[in-house]
Number of protein chains: 2
Amino acid sequence: MATGRTHRPATRSRGIPEATVARLPLYLRALTALSERSVPTVSSEELAAAAGVNSAKLRKDFSYLGSYGTRGVGYDVEYLVYQISRELGLTQDWPVVIVGIGNLGAALANYGGFASRGFRVAALIDADPAMAGRPVAGIPVQHTDELEHIIESNGVSIGVIATPAGAAQQVCDRLVAAGVTSILNFAPTVLTVPDGVDVRKVDLSIELQILAFHEQRKAGEETGQESGQEGGTPTAVARAASAEADRKGPDGDVPAVMPA
Amino acid sequence: MATGRTHRPATRSRGIPEATVARLPLYLRALTALSERSVPTVSSEELAAAAGVNSAKLRKDFSYLGSYGTRGVGYDVEYLVYQISRELGLTQDWPVVIVGIGNLGAALANYGGFASRGFRVAALIDADPAMAGRPVAGIPVQHTDELEHIIESNGVSIGVIATPAGAAQQVCDRLVAAGVTSILNFAPTVLTVPDGVDVRKVDLSIELQILAFHEQRKAGEETGQESGQEGGTPTAVARAASAEADRKGPDGDVPAVMPA
DNA sequence: CTTTGTGAAAGACTTCACAGCC
DNA sequence: GGCTGTGAAGTCTTTCACAAAG
């Protein structure tokens with residue numbers, strides 16, 4: 001989905017399905033909670049419930065990692081935590097840079113879950129000279145001019161983009177040129193990257209629209225109305241269609257959360 | 001994925017695949033940009049490129065909505081904007097409440113894309129009495145005690161949870177009890193909701209872990225090493241495993257962005 | 001008797017490739 | 001000639017259901 005292409009032609013087997021990879025962090029979180037409560041083992045049924053998936057799926061997922069369970073008993077919590085952590089690459093340190101320290105960037109910098117699990121905020125970068133030097137979450141913000149230098153001297157391979165949409169592609173290009181190969185994009189834009197670079201996006205607006213779709217569907221079902229061709233409300237649509245234009249300032253973008 | 005269940009047993013046809021629904025907002029964004037530039041028509045090829053998908057997929061997606069294109073020509077931009085907006089339910093106003101006005105909640109409240117496209121921030125809610133009355137993004141924060149009242153009097157059906165993980169389920173329960181049927185969850189927890197309620201989650205930590213997985217894989221490939229059973233670094237893992245425990249304060253949760 | 005691990009079946013999504021219409 | 005719309009093929013994902021292991 002967000003993964004440009006997994007890798008070259010065909011790597012030797014051991015291919016864990018993308019859908020499974022996306023669930024491993026979920027299992028890991030549930031397992032960590034169990035570990036804290038010193039629970040020694042879990043059944044696929046219990047763990048699945050804690051992670052919000054069904055047990056067959058969980059067992060199939062784990063089968064791609066190997067046979068780490070014991071029939072009739074379940075899985076050893078500590079051991080599974082270890083195996084999943086290793087599989088996800090969390091046994092090493094990942095220095096991360098956050099570019100765009102607006103409301104959202106600051107929120108991300110303060111995010112506790114960031115620091116845990118091997119992710120370390122190596123630097124905060126912003127284009128606003130007024131921000132430079134000011135500490136956010138205890139880390140001094142650095143100017144965009146330093147970007148390449150920071151990436152290279154810290155060996156950063158993961159970058160988080162929290163800039164306005166208008167600046168995202170440009171920032172992305174610089175990150176990639178400097179050596180970043182994985183990007184988490186919060187700006188509402190499609191980023192173009194060369195092969196070999198992974199991009200994942202988080203887009204509030206898209207999530208809300210998906211919810212609205214289902215919400216509308218529920219409402220229609222309730223009153224028994226088929227959402228066929230009822231003519232709609234053109235006026236309302238016209239408003240929606242021009243909404244984007246409205247928030248666009250003279251030079252293309254108005255800051256805000258992701259924006260700004 | 002995040003959708004508990006789409007609906008009852010089987011609604012009368014017209015079922016747009018979930019994967020397609022998830023891409024409609026993407027197309028809509030690209031189309032809106034074209035509309036602003038007064039581009040009258042687009043081919044599936046051009047629009048697909050702008051949305052970052054391939055053209056066959058886009059055509060198939062549009063085919064679920066109906067036949068809105070013209071062979072040999074392409075799609076009428078304005079008309080498509082209208083049709084997609086209507087399909088997504090963006091022709092009506094969706095009052096939204098944001099619960100948990102920490103760093104992240106404030107960032108969301110300030111998000112411009114929120115206000116556009118029919119979403120309107122009806123209220124900001126926080127459990128901290130000190131926050132009450134203070135305006136964020138021009139909207140005064142209200143205390144959690146008001147939650148039910150706010151939901152009911154504003155007819156809110158979409159709620160955004162940006163509280164610490166520890167408070168999320170409780171807030172969720174109250175939102176649902178008060179009538180909310182769609183939830184966007186930023187807290188790193190699995191929410192349990194009754195049938196008929198949709199939950200979508202946005203989880204920074206999970207996205208980073210997925211990136212780390214691919215990043216690790218790239219590194220291994222590069223040096224030609226098979227990531228088989230190299231023993232790993234148990235020490236590092238032990239650290240990662242207990243990370244969650246470390247950030248947990250005396251009373252269960254420390255504020256920050258999502259966590260807090 | 002319990003619970004895993006997994007072939008096989010079912011289902012969802014994507015891509016191909018081309019007939020059909022402009 | 002150009003481009004959409006779509007069956008059919010291909011791929012990925014989930015679910016079933018049960019043999020095998022403890």
Side-chain angles (χ1 to χ4, degrees), chain A residues 1-7 9-11 13-24 26-27 31 34 39-77 79-80 83-84 210, chain B residues 1-7 9-11 13-24 26-27 31 34 39-77 79-80 83-84 210:
Chain A
M1 188 179 282
T3 307
R5 52 207 280 33
T6 317
H7 32 37
T11 315
S13 60
R14 265 311 286 306
I16 298 179
E18 194 54 36
T20 295
V21 172
R23 282 187 295 267
L24 292 181
L26 228 55
Y27 301 144
L31 285 164
L34 291 171
V39 176
T41 59
V42 245
S43 66
S44 60
E45 203 70 58
E46 294 166 324
L47 184 54
V53 303
N54 81 43
S55 64
K57 196 186 286 185
L58 178 143
R59 287 200 301 278
K60 180 63 93 176
D61 282 343
F62 285 179
S63 78
Y64 294 115
L65 308 184
S67 294
Y68 296 147
T70 306
R71 295 170 199 234
V73 179
Y75 300 90
D76 180 278
V77 173
Y79 189 55
L80 248 192
Q83 291 300 345
I84 295 179
I210 295 171
Chain B
M1 188 177 281
T3 307
R5 50 207 283 32
T6 316
H7 32 36
T11 314
S13 61
R14 266 309 288 305
I16 299 178
E18 193 55 35
T20 294
V21 172
R23 280 187 296 267
L24 292 180
L26 228 54
Y27 301 144
L31 284 164
L34 291 171
V39 176
T41 61
V42 245
S43 66
S44 61
E45 202 70 58
E46 295 166 323
L47 184 53
V53 303
N54 81 44
S55 65
K57 195 186 287 185
L58 178 144
R59 288 200 301 279
K60 178 66 90 177
D61 283 343
F62 285 178
S63 78
Y64 294 115
L65 308 183
S67 292
Y68 296 146
T70 307
R71 294 168 200 237
V73 179
Y75 300 91
D76 180 277
V77 173
Y79 188 56
L80 248 193
Q83 290 300 343
I84 295 179
I210 295 171

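Protein chains get the first letters and strands the later ones, always in sequence-line order, with residue 1 at the start of each.
Rounded to 10 degrees, the angle separating the terminal helix axes of the helix from C:dC1-D:dG22 to C:dC22-D:dG1, each built from five base pairs, is 0°.
For the pair B:L80 and B:L47, the tightest heavy-atom approach, listed with the atom from each and the gap, is CD1-CD2, 4.2 Å. Closest non-hydrogen pair, A:Q83 versus A:Y68, comes out as OE1-OH, 3.1 Å.
Counting 5' to 3', DNA chain C first comes under 4.0 angstrom of a heavy atom of chain B and last does so at the ends given by C:dC13 to C:dC22.
Within residues 53-62 of chain B, the residues that have a heavy atom under 4.0 Å from DNA chain D are, in order of number, B:R59, B:K60.
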Would you please test A:I16 and A:L65 for side chain to side chain contact (heavy atoms under 4.5 Å, CB included) and show each step? CA-CA 8 Å; A:I16 298 179; A:L65 308 184; 3.6 Å; yes
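A:S63 meets the side chain to side chain contact (heavy atoms under 4.5 Å, CB included) test with A:K60; sequence neighbours excluded. Every residue meeting the ring-ring contact (aromatic ring centres under 6.0 Å, His included) condition with B:Y75, not counting sequence neighbours, appears here in chain and number order: B:F62. With sequence neighbours excluded, the residues forming a side chain to side chain contact (heavy atoms under 4.5 Å, CB included) with B:S43 are B:E45, B:E46, listed by chain and number. For A:T41, the side chain to side chain donor-acceptor pair (under 3.5 Å) test picks out no residue, with sequence neighbours left out. With sequence neighbours left out, A:A48 forms a side chain to side chain contact (heavy atoms under 4.5 Å, CB included) with A:V53, A:S55, A:L58. Remark: B:T20 pairs with B:D61 by the side chain to side chain donor-acceptor pair (under 3.5 Å) rule, at least two apart or across chains.
Of the two residues contacting DNA chain C, namely A:G66 and B:P17, the nearest-nucleotide position lying further toward the 5' end is that of A:G66.
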Table of protein N/O atoms under 3.5 Å from nucleotides 20-22 of chain D N/O atoms:
residue	atom	partner	partner atom	Å
D:dA20	N3	A:R71	NH1	2.9

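At the phosphate of D:dT14, neither OP1 nor OP2 sits under 4.0 Å from any side-chain N or O atom of A:Y64.
Straight-line distance from the OH atom of B:Y27 to the P atom of D:dT4: 13 Å, rounded to whole Å.
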